[in-house]
Amino acid sequence: MDQMNMSKLQEFDYLLKIVLIGDAAVGKSSLLLRYIDDYFEDTYICTIGVDFKIKSLEMQGKRVKLQIWDTAGQERFKPITNCYFWGSHGCVAVYDITNRETFNNVRTWVQDYREHNSIESGQNIVLIGNKKDSGERVVSFEEGQDLADSFEAEFLECSAKSGDGVSQLFETIARVIVTKMKHELLVAKDPSAYSIKTRPVQSESNPPKKKGCCS
Ligand code: GTP
Ligand code: MG
């Protein structure tokens, strides 16, 4: 292998596939836009199907590349978005603290995620209450925390509008996944597992072998 290809391979230690899930208009795309471009858009433009962005960061001395999939919350896109859950390492489940229905629906989103991504190492979840900047809160912090506890997930409130907590949210899901991966490598009986640094990311050209919504 030539030097250029070698250096490309060594660009990162972990490649993590993360999906953003939750009802329409809770602010998934806005959180991603804030994180990637540090920008906020007031106008609502619904996501059609899925979109994704890449971000690299340094964590626990490792280079981590995040592949973040932003899924559409509208019901009509469910068959498409469910397909993207498979093979991911974790999800960020988002609700809007000013809209109780979006909070009530989070449980179903997480169930769907778990059903369509039944690999053990992909069950990392961070729960997010978005629109913290708004004065029209109807879901308390404690309710969010209780729900997160029931998922054994970490919980944060944030605002795509002000930027409050946004970097923290993506760093949290990355940390949760990396910590779990390191632990899995440590307890792995097969010594060759120690040399595994990345997990395969599912793509259309590399479809899932096991049960999935599209297979
Ligand atoms: P879908 O793509 O349909 O699933 O929606 P989404 O979850 O991606 O929501 P999107 O990011 O498009 O935001 C929906 C609306 O909420 C937009 O008008 C945003 O400007 C607004 N919004 C998003 N985040 C915040 C926030 O933190 N605070 C406030 N006040 N408004 C927000
Ligand atoms: Mg969107």
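Counting convention: from 1, in listed order, for ligands and their atoms alike.
- For the 3.5 Å distance criterion, the side chains of Y113 and S88 qualify, holding a donor opposite an acceptor.
- Using cut-offs of 30° and 60° for the angle between ring planes, the H116 and F85 rings count as perpendicular.
- No hydrogens or angles considered: a donor-acceptor pair under 3.5 Å links the side chains of D133 and S159.
- Scanning all protein heavy atoms for the shortest distance to atom 7 (O) of ligand 1 gives K28 NZ, 2.8 Å.
- Here is the list of ligand 1 atoms found below 4.0 Å of a heavy atom in E41: 19 (C), 20 (O).
- Set against the non-hydrogen atoms of D133, the atoms of ligand 1 under 4.0 Å away are 26 (C), 27 (O), 28 (N), 29 (C), 30 (N).
- Taking any N or O of N130, backbone or side chain, at least one lies under 3.5 Å from an N or O belonging to ligand 1.
- Under a 3.5 Å cut-off, the side chain of Q145 and the backbone N or O of S140 do not form any donor-acceptor pair.
- Of the candidates A24, G129, G27, the one placing a heavy atom closest to atom 9 (O) of ligand 1 is G27.
- Side-chain polar atoms of N130 and D96 form no donor-acceptor pair below 3.5 angstrom.
- Near T47, the atoms of ligand 1 lying under 4.0 angstrom from a non-hydrogen atom of the residue are 1 (P), 2 (O), 3 (O).
- Remark: ligand 1 atoms within the under-4.0 Å shell around heavy atoms of S30 are 10 (P), 11 (O), 13 (O), 19 (C), 23 (C), 24 (N).
- When each of V176, V110, V92 is checked for a side chain to side chain contact (heavy atoms under 4.5 Å, CB included) with I125, only V110 meets the rule.
- Of the heavy atoms in S29, both backbone and side-chain atoms come closer than 4.0 Å to ligand 1.
- Between the Mg ion (ligand 2) and T71 there is no N/O/S contact shorter than 2.8 Å.
- Looking at ligand 1, you won't find any N or O of C158 less than 3.5 Å from one of its N or O atoms.
- Side chain to side chain, D51 and W69 fail the donor-acceptor criterion of an N or O pair below 3.5 Å.
- Ligand 1 is approached by A72 to a heavy-atom distance shorter than 4.0 Å.
- In this model, no donor atom of one side chain and acceptor atom of the other lie less than 3.5 Å apart for E136 and S134.
- Below 4.0 Å from some heavy atom of C46 lie the following atoms of ligand 1, by number and element: 2 (O), 3 (O).
- Of the protein's non-hydrogen atoms, the one nearest atom 16 (O) of ligand 1 is K131 NZ, 3.0 Å.
- Of all atoms in ligand 1, numbered sequentially from 1 with element shown, those under 4.0 Å from a heavy atom of A160 are 24 (N), 26 (C), 27 (O).
- Close contacts between ligand 1 and G73 involve ligand atoms 1 (P), 4 (O) [criterion: under 4.0 Å to a heavy atom].
- The pair R100-E143 meets the salt-bridge criterion, with a side-chain N (NZ, NE, NH1 or NH2) lying under 4.0 Å from an Asp/Glu carboxylate O.
- In this structure, the ring of Y84 has its center no less than 6.0 angstrom from the ring center of F52.
- With respect to atom 18 (O) of ligand 1, the closest heavy atom belonging to the protein is D42 O, 2.8 Å.
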